[in-house]
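Just below is one structure, and these are the notes that go with it.
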Amino acid sequence: MTSLNYQSEFAGKTVLITGGTQGTGLATANRFAEGGARVLVCARNDSSEPSYELIPGDLSNFSGCEEVARDVLKKSSSLDIIVHSVGGSSAHGGGFASASDEIWAQELNINLLAAVRLDRMLAPVMIQRKSGVIVHVSSIQRKLPLYESTLAYAAAKAALTTYSKGLSNELAPKGVRVNSVSPGGIETEAAKRMIRRISEDHTITIEEARTQLLQMLGGVTIGRFSTPEEVAELIVFLCSSRASSITGADYVIDGGTVPVI
């Protein structure tokens, strides 16, 4: 059996990662770069990482997605992999009644429609070549929503997972694999901001807010959140030739948070 050289696993491949300048997106960009890929990253802000080429853009609206897709195709006509890592929630606590139409629109645009729009604009390139991989980064909140603070986010991620499954059924016969990854808590700056918001909204300490977040999730069996690098490793595996028969699947990486199969 031949051993795999991970430093050249993605040599000759072009990868687009949305939201790739921080957290899981950045860890994924770095991991693909280590594997020899050409990495294009779409984000609003640049963190000046040398491992990727930045495509600045705002994916929270149609025109921003259109501009990003146009720039991607200018840079590369042979897109091999898309990882939709962009997402998150800016909603404050307070339950369902505190989430305005504006908040719902924001959450749906960035957590669902950004992927839908970019897939519609970029997947035809993969279909034409009869080769490609798309990964949607969803969340365990698709089935375990944090109702008090991020209900709109959870609903958007549930829709993203359903969309991903439907897209996989359509594209698999055309040579394009589509999967989703559903992380639980990840130790990112966004998670730390959420903990601070809970702390402020409930007038409790940061540690009490962290405990409350773990309790809202139902507890984490391994006793900690995942690291961005751990999630990135799963994403990269699904994009590799090692996963060439995996499509239409949703992989949970949550430290045992979701208590059911």
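Computed from a predicted model, the values in this text were never measured in an experiment.
The CZ atom of Phe32 sits 11.5 Å away from atom OG1 of Thr14, with the distance rounded to the nearest 0.5 Å. Residue Ile235 holds its CD1 atom at 11.5 Å from CG of Asn179, rounded to the nearest 0.5 Å. For the atom pair Leu54 CG and Cys42 SG, the distance stands at 8.0 Å (nearest 0.5 Å). Here CZ of Arg117 is found 9.0 Å from OG of Ser63. Values are rounded to the nearest 0.5 Å. To the nearest 0.5 Å, the span separating CD1 on Ile206 from CD on Gln212 amounts to 11.5 Å. The distance from the OG atom of Ser241 to the NZ atom of Lys13 is 8.0 Å, given to the nearest 0.5 Å.
Ion pair Arg242/Glu9 flagged as a salt bridge, since at least one NZ, NE, NH1 or NH2 atom sits closer than 4.0 Å to an Asp/Glu carboxylate oxygen. A salt bridge links Arg224 with Glu230: the closest approach of a Lys/Arg side-chain nitrogen to an acidic carboxylate oxygen falls below 4.0 angstrom. Electrostatic pairing of Arg210 and Glu187 counts as a salt bridge here, judged by a charged N lying under 4.0 Å from a carboxylate O. Looking at Glu229 and Arg31, no side-chain N of the basic residue comes within less than 4.0 Å of a carboxylate O on the acidic one, giving no salt bridge.
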| query | Can you list the steps and then say if Lys192 with Glu189 is a salt bridge (charged side-chain N to carboxylate O under 4.0 Å, His left out)? | reply | CA-CA 5 Å; Lys192 291 171 185 174; Glu189 286 305 314; 3.4 Å; yes
| task | May I have the step-by-step check of side-chain contact (heavy atoms from CB on, under 4.5 Å) for Tyr251 and Ile246, ending in yes or no? | result | CA-CA 11 Å; Tyr251 278 78; Ile246 300 176; 3.4 Å; yes
| said: I'd like to know whether Val135 forms a side-chain contact (heavy atoms from CB on, under 4.5 Å) with Ile82, so could you lay out the CA-CA distance, the side-chain angles of the two residues, the decisive distance to 0.1 Å, and finally the verdict. | reply: CA-CA 6 Å; Val135 172; Ile82 304 173; over 6 Å; no
| said: side-chain hydrogen bond (donor to acceptor under 3.5 Å, both in side chains), that's the test. Do Ser60 and Asn109 meet it? Break it down for me. | reply: CA-CA 5 Å; Ser60 65; Asn109 268 312; over 6 Å; no
| said: With side-chain contact (heavy atoms from CB on, under 4.5 Å) as the criterion, how do Val176 and Val133 come out once you've worked through the C-alpha distance, each side chain's angles and the decisive distance to 0.1 Å? | reply: CA-CA 6 Å; Val176 180; Val133 184; over 6 Å; no
| request: Kindly indicate, with the supporting measurements, whether the criterion side-chain contact (heavy atoms from CB on, under 4.5 Å) is fulfilled by Leu238 and Val236. | output: CA-CA 5 Å; Leu238 289 172; Val236 169; over 6 Å; no
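The hydrophobic clustering, which links ILVMFWY residues whose side-chain heavy atoms are closer than 4.5 Å, places Val15 and Leu26 together. Tracing side-chain contacts under 4.5 Å through hydrophobic residues (I, L, V, M, F, W, Y), one reaches Phe237 starting from Ile17; they form part of the same cluster. Hydrophobic clustering (side-chain heavy atoms under 4.5 Å, transitive across Ile, Leu, Val, Met, Phe, Trp, Tyr) keeps Val181 apart from Leu167. Leu108 and Leu118 fall within a single hydrophobic cluster, where Ile, Leu, Val, Met, Phe, Trp and Tyr side chains are chained together by heavy-atom contacts under 4.5 Å. Linking ILVMFWY residues whenever their side-chain heavy atoms come closer than 4.5 Å, directly or via other members, leaves Ile55 and Val41 in distinct clusters.
Residues Ser85 and Gly19 approach most closely at OG-O, 4.2 Å, considering heavy atoms. Minimum heavy-atom separation, Ile186 to Thr24: CD1-OG1, 3.4 Å. Across all their heavy atoms, Gly20 and Ala29 have their closest contact at O-CB, 4.2 Å. In plain terms, the two heavy atoms of Leu160 and Ala115 that are nearest each other are CD1-CB, 3.9 Å. Across all non-hydrogen atoms, the minimal contact from Gly185 to Phe225 is O-CB, 3.2 Å. Closest of all the heavy-atom pairs between Ile81 and Cys239 is CG2-SG, 3.6 Å.
Panel note: side chain Thr211, backbone Glu207; a donor-acceptor pair is recorded below 3.5 Å. Formation of a donor-acceptor pair under 3.5 Å by the Arg177 side chain with backbone atoms of Ala243 is found in this model. With hydrogens and angles disregarded, a donor-acceptor distance shorter than 3.5 Å links the side chain of Lys165 to the backbone of Gly248. Thr257 contributes a side-chain N or O that, together with a main-chain N or O of Asp254, makes up a donor-acceptor pair within less than 3.5 Å. A distance-only check finds a donor-acceptor pair linking the side chain of Lys157 to the backbone of Val137 [under 3.5 Å]. Checked by atom type and distance alone, the side chain of Ser100 pairs as donor or acceptor with a backbone atom of Ile103 at under 3.5 Å. Between the side chain of Ser77 and the backbone N or O of Leu73, no donor-acceptor pair lies under 3.5 Å. Side chain of Thr247 to main chain of Val178: a donor-acceptor pair is present (N/O by atom type, distance under 3.5 Å, no hydrogens or angles).
Neither side chain, Gln22 nor Thr188, offers a donor N or O lying under 3.5 Å from an acceptor on the other. For Glu208 and Ser199, the side-chain atoms include no donor-acceptor pair closer than 3.5 Å. Asn30 and Tyr52 share no side-chain donor-acceptor pair at under 3.5 Å.
Put simply, the side chain of Tyr163 reaches to within 4.5 Å of the side chain of Asp119, judged on heavy atoms. In this structure the side chain of Glu53 reaches within 4.5 angstrom of the side chain of Lys75, judged on heavy atoms. A heavy-atom distance below 4.5 Å is not found between the side chains of Ser131 and Met126. The closest side-chain heavy-atom distance from Tyr153 to Pro145 is not below 4.5 Å. Side-chain contact check for Arg142 versus Val252: some heavy-atom pair is nearer than 4.5 Å.
Evaluated for a side-chain hydrogen bond (donor to acceptor under 3.5 Å, both in side chains) with Ser138, the options Asn111, Thr161, Asp250 yield exactly one hit, Thr161. Among the candidates Leu79, Ile134, Val68, the single residue satisfying the side chain to side chain contact (heavy atoms under 4.5 Å, CB included) test with Leu122 is Leu79.
Aromatic ring orientation, His136 versus His84: parallel (interplanar angle below 30°, classes split at 30° and 60°).
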